[in-house]
J.: 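Please see the structure below; I have some questions.
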Amino acid sequence: MSEPSADIHVQERQETEVNLCLAGAQLAKSHGDYRRSEKLYRRAIKWGIQRWGRKSANVGVILLELQELYELQGLTAEVENLDHEIGAVLRSYFFTALRKMNAIDNGR
């Protein structure tokens with residue numbers, strides 16, 4: 001297997017893992033199994049970081065879902081802890097998008 005094909009295979013595996021974890025987390029949450037849901041969200045975050053990076057929009061969305069789970073349970077401290085991580089993702093995403101828009105405007 002050539003190197004680019006191997007990379008694509010790894011990326012597909014990571015994305016599949018993220019999607020399976022998210023589906024399981026949402027199913028567990030809908031059945032009131034918050035402990036299992038949290039574990040699956042955390043696993044999805046781990047795989048997402050490996051696939052897209054810590055400050056990617058995809059990881060940010062998963063963090064928001066985990067934060068929603070904590071809000072549902074009234075876990076204020078956990079919600080506030082995630083605020084910092086989510087804020088870092090949003091800032092990174094916003095400034096990256098802004099730089100890209102400026103590059104397009106400047107004809108680069």
Side-chain angles (χ1 to χ4, degrees):
M1 183 180 276
S2 68
E3 199 169 311
S5 296
D7 288 343
I8 290 170
H9 178 71
V10 169
Q11 291 172 355
E12 288 174 350
R13 179 173 168 261
Q14 290 167 335
E15 288 178 26
T16 298
E17 289 288 341
V18 169
N19 290 331
L20 288 172
C21 289
L22 287 175
Q26 292 162 352
L27 182 63
K29 182 171 84 172
S30 72
H31 284 68
D33 190 349
Y34 299 140
R35 175 177 264 169
R36 175 168 285 158
S37 182
E38 178 185 9
K39 285 181 182 181
L40 288 166
Y41 279 126
R42 293 255 175 227
R43 190 174 298 160
I45 291 166
K46 176 187 152 208
W47 282 105
I49 290 169
Q50 289 178 9
R51 172 62 182 97
W52 299 292
R54 178 166 296 283
K55 293 184 180 177
S56 72
N58 292 330
V59 170
V61 169
I62 302 168
L63 289 168
L64 285 169
E65 289 188 35
L66 178 59
Q67 187 180 49
E68 181 181 280
L69 176 70
Y70 290 150
E71 287 174 346
L72 181 65
Q73 298 173 79
L75 301 173
T76 307
E78 286 82 353
V79 169
E80 290 174 3
N81 287 338
L82 284 179
D83 276 342
H84 300 290
E85 284 186 74
I86 293 167
V89 170
L90 289 173
R91 282 188 300 279
S92 175
Y93 183 77
F94 173 77
F95 288 118
T96 299
L98 190 59
R99 280 191 297 272
K100 287 179 182 177
M101 288 174 54
N102 285 336
I104 290 170
D105 289 345
N106 294 328
R108 289 188 240 163

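In this chain, numbering begins with 1 at the start of the sequence shown.
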J.: What distance separates Ile62 CD1 from Cys21 SG, expressed to the nearest 0.5 Å?
T.: 8.5 Å
J.: Going by side-chain contact (heavy atoms from CB on, under 4.5 Å), name the residues that satisfy it together with Asp33, two or more places apart in sequence or in a different chain.
T.: Ala28, Arg35, Arg36
J.: Among all residues two or more places apart in sequence or in another chain, which pass the side-chain contact (heavy atoms from CB on, under 4.5 Å) test with Gln50?
T.: Gln14, Lys46, Trp47
J.: Could you tabulate the donor-acceptor pairs under 3.5 Å formed by side-chain atoms of residues 77-87, not counting sequence neighbours?
T.:
| from | atom 1 | to | atom 2 | distance (Å) |
| --- | --- | --- | --- | --- |
| Asn81 | ND2 | Ala77 | O | 3.4 |
| Asp83 | OD1 | Gln67 | NE2 | 2.6 |

J.: Going by salt bridge (charged side-chain N to carboxylate O under 4.0 Å, His left out), name the residues that satisfy it together with Lys29, two or more places apart in sequence or in a different chain.
T.: Glu68
J.: Tell me, please, which residues at least two apart from Thr96 pass side-chain contact (heavy atoms from CB on, under 4.5 Å).
T.: Ser92, Arg99, Lys100
J.: If you group Ile, Leu, Val, Met, Phe, Trp and Tyr by side-chain heavy-atom gaps below 4.5 Å, do Val18 and Val10 land in one group?
T.: no
J.: For the pair Glu38 and Leu69, evaluate side-chain contact (heavy atoms from CB on, under 4.5 Å) and give the outcome as yes or no after the intermediate values.
T.: CA-CA 8 Å; Glu38 178 185 9; Leu69 176 70; 4.0 Å; yes
J.: Quick test of your reading: applying salt bridge (charged side-chain N to carboxylate O under 4.0 Å, His left out), list the pairs with at least one residue in residues 89-98, sequence neighbours left out, ordered by first then second residue.
T.: none
J.: Through direct or indirect side-chain contacts below 4.5 angstrom among Ile, Leu, Val, Met, Phe, Trp and Tyr, which residues connect to Phe95?
T.: Phe94, Leu98
J.: Would Leu22 and Val61 show up in the same hydrophobic cluster when neighbours are defined by side-chain heavy atoms closer than 4.5 Å?
T.: no
J.: Using the test salt bridge (charged side-chain N to carboxylate O under 4.0 Å, His left out), find all partners of Arg51 that sit at least two apart in sequence or belong to another chain.
T.: Glu15
J.: Taking side chain to side chain donor-acceptor pair (under 3.5 Å) as the test, write out the residues that go with Arg42, two or more places apart.
T.: Tyr70
J.: Report the distance from atom CD of Glu65 to atom CG of Leu40, rounding to the nearest 0.5 Å.
T.: 12.0 Å
J.: Assigning hydrophobic clusters by single linkage (Ile, Leu, Val, Met, Phe, Trp, Tyr; side-chain heavy-atom cutoff under 4.5 Å), is Tyr41 placed with Leu64?
T.: yes
J.: If the condition is side-chain contact (heavy atoms from CB on, under 4.5 Å), which residues does Ala57 pass it with, not counting sequence neighbours?
T.: Tyr93
J.: Taking atom OG of Ser37 and atom NE2 of His31, what is their separation to the nearest 0.5 Å?
T.: 12.0 Å
